[in-house]
Amino acid sequence: MSKKKISIIVIILGILLLGIGLVLMFTDKESGEKPKDPPKEPTVIESKYIESLNPSDDLVQSLYYKTKGYWYGDYDDNSYYYYKTDKLLVSDFEKVYLYNLVFERIYKKDLLSDNLTVKEDDVKAEFEDIFGSYVTYSKIDSFSNGCYHVMYDNVSSQYKYLLTNGCVGLLKVLSEVTAAHRYTDKIVIEESVLFSDGFDYYYDVDLTKKSNSTMIDVNDSNILKYNYTFMYDNNLDKYFFYSIEKVK
């Protein structure tokens, strides 16, 4: 093949390649698609101490009472649930205790209808308000809540309160918020506690070490203390109940 023919073939191939490049370029522009950014890593907030909070502060008190259900002053040993282990994550709570906290708030917020029912959506909303993403909602068929028994109705997707007989309320735990601290990623609330059998008060949950006091004395070194941790969600600007831990 002559050099002239080879040159012509090279020129033709060059024109074809240039044409293909132009077509691809214009096709990409017309599609309007931009290369996707790589997924961003979740923002990690470093835990740093910020300040001490007043125990009677509205935020402290509102968070603290999210952790208290009717069972807390019930006649049976439910009152001692928090205190049987050195640390308890809400994600490890037995289901009935999650629901007792949720329904205590439903009752206090007056979300029950005249026929003592509450919509499942309202129950889910309270779960999210207390626990955030630390506990995933799943319905429960029935459970006891103080003087009431609660049952789920699959037909109406509602929970219904049923009054029980022979309910006796009895304070089993005497508690008080004695300190609170804010960090960049959480609030930690310190609770001081005495335990009762209904008649006398004790320093320990097993009711073996009797106390002569009927009130919380912050200067009494025998009184047990527990830390309630509420993790901060930066996106929602809210705190959620995360754990309770015995102060050693």
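Just so it is clear, the model here is predicted, and its values are computed rather than measured.
The structure places CD of Glu245 at 9.5 Å from OG1 of Thr85, a figure rounded to the nearest 0.5 Å. Here the NZ-OG distance, from Lys119 to Ser157, works out to 11.0 Å after rounding to the nearest 0.5 Å. Atom CG of Asp200 is separated from atom NZ of Lys210 by 3.5 Å, given to the nearest 0.5 angstrom. The NZ atom of Lys124 sits 12.0 Å away from the OG1 atom of Thr136 when rounded to the nearest 0.5 Å. Considering CZ of Arg182 and CG of Leu53, their distance stands at 5.0 Å, rounded to 0.5 Å. One finds the CG atom of Asp220 at 12.0 Å from the CE atom of Met215 (value rounded to the nearest 0.5 Å).
Between Asn54 and Val60 the shortest side-chain heavy-atom distance does not fall below 4.5 Å. Two residues are said to be in side-chain contact when any heavy atoms from C-beta on lie closer than 4.5 Å; Tyr65 and Thr67 fail this criterion. Counting heavy atoms from C-beta on, the side chains of Ile187 and Leu63 come closer than 4.5 Å. Residues Leu207 and Tyr80 are in side-chain contact: their nearest non-hydrogen atoms beyond the backbone lie under 4.5 Å apart. Side-chain contact between Asp122 and Ile106 is absent, with no heavy atoms from C-beta onward closer than 4.5 Å. Residues Val102 and Ile130 have side chains in contact (heavy-atom distance under 4.5 Å, counting atoms from C-beta outward). Looking at Phe240 and Val135, their side chains never come closer than 4.5 Å, going by heavy atoms from C-beta outward. Looking at Val123 and Val118, their side chains come closer than 4.5 Å, going by heavy atoms from C-beta outward.
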* Check step by step if side-chain contact (heavy atoms from CB on, under 4.5 Å) holds for Gln61 and Leu59. => CA-CA 6 Å; Gln61 290 295 319; Leu59 175 60; over 6 Å; no
Let me see the working for Glu176 and Val193 under side-chain contact (heavy atoms from CB on, under 4.5 Å), right down to the final yes or no. CA-CA 7 Å; Glu176 182 180 327; Val193 252; over 6 Å; no
**Request:** May I have the step-by-step check of side-chain contact (heavy atoms from CB on, under 4.5 Å) for Ile50 and Thr184, ending in yes or no?
**Result:** CA-CA 7 Å; Ile50 297 177; Thr184 48; 4.0 Å; yes
Stepwise, does the side-chain contact (heavy atoms from CB on, under 4.5 Å) test hold for Leu194 with Ile216?
CA-CA 7 Å; Leu194 285 174; Ile216 300 295; 4.1 Å; yes
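Checking Lys225 against Ser192 by side-chain atom types alone, a donor-acceptor pair falls below 3.5 Å. Inspection of the Ser213 and Asp217 side chains reveals no N or O donor paired with an N or O acceptor under 3.5 Å. When only modelled atom types and interatomic distance are considered, Asn115 and Ser113 share a side-chain donor-acceptor pair under 3.5 Å.
Between Glu191 and Lys68 there is a salt bridge, since a side-chain N of the basic residue sits under 4.0 Å from a carboxylate O of the acidic one. Looking at Asp233 and Lys238, no side-chain N of the basic residue comes within less than 4.0 Å of a carboxylate O on the acidic one, giving no salt bridge. The pair Asp197-Lys172 does not count as a salt bridge, with every side-chain nitrogen at least 4.0 angstrom from each carboxylate oxygen. Using a 4.0 Å cut-off between charged side-chain N and carboxylate O, Lys48 and Asp185 make no salt bridge. Under the 4.0 Å criterion applied to side-chain N and carboxylate O atoms, Asp141 and Lys139 are assigned as salt-bridge partners. A salt bridge is defined here as a Lys NZ or Arg NE, NH1 or NH2 lying under 4.0 Å from an Asp or Glu carboxylate O, and Lys66 with Glu104 fails to meet this definition.
Among pairs with a residue in residues 101-132, those fulfilling ring-ring contact (aromatic ring centres under 6.0 Å, His included) read Tyr99-Phe127, Phe103-Phe143, Phe103-Tyr159, Phe103-Tyr161, Phe127-Phe131, Phe127-Tyr137, at least two apart in sequence or across chains. Here salt bridge (Lys or Arg N to Asp or Glu O under 4.0 Å) pairs that include residues 90-102, with residues two or more places apart or in two chains, number zero. Applying the salt bridge (Lys or Arg N to Asp or Glu O under 4.0 Å) definition to pairs two or more places apart or across chains, none involves residues 145-158.
Tyr64 and Tyr228 have their aromatic ring centers within a separation under 6.0 angstrom. The ring of Tyr83 has its center closer than 6.0 angstrom to the ring center of Tyr226. With ring centers used as reference points, Tyr81 lies under 6.0 Å from Phe93.
Tracing side-chain contacts under 4.5 Å through hydrophobic residues (I, L, V, M, F, W, Y), one reaches Val150 starting from Leu116; they form part of the same cluster. If you chain together hydrophobic residues whose side chains sit under 4.5 Å apart, Leu89 and Met231 fall into the same group.
Counting non-hydrogen atoms of neighbouring residues, nucleotides and ligands closer than 6.0 angstrom, the NZ atom of Lys246 reaches no more than 12 such neighbours. Atom CG of Asn212 has 12 or fewer heavy atoms from other residues, nucleotides or ligands within 6.0 Å. Counted within 6.0 Å of NZ on Lys109, heavy atoms from surrounding residues, nucleotides or ligands total more than 12; the atom is thus considered enclosed.
Among residues two or more places apart in sequence or in another chain, the ring pair (Phe, Tyr, Trp, His ring centres under 6.0 Å) test is passed with His149 by none. Judged as a ring pair (Phe, Tyr, Trp, His ring centres under 6.0 Å), and not counting sequence neighbours, Tyr202 has no contacts.
Counting Ile, Leu, Val, Met, Phe, Trp and Tyr side chains that sit under 4.5 Å apart, directly or through other members, Leu162 shares a hydrophobic cluster with Met151.
Using the six-membered ring where Trp is involved, Tyr183 and Tyr49 have ring planes that are perpendicular, over 60° apart on the 30 and 60° scheme.
Each of Tyr239, Tyr134, Phe241, Tyr242 was evaluated against Phe230; a single residue qualifies, Phe241, per the ring-ring contact (aromatic ring centres under 6.0 Å, His included) test.
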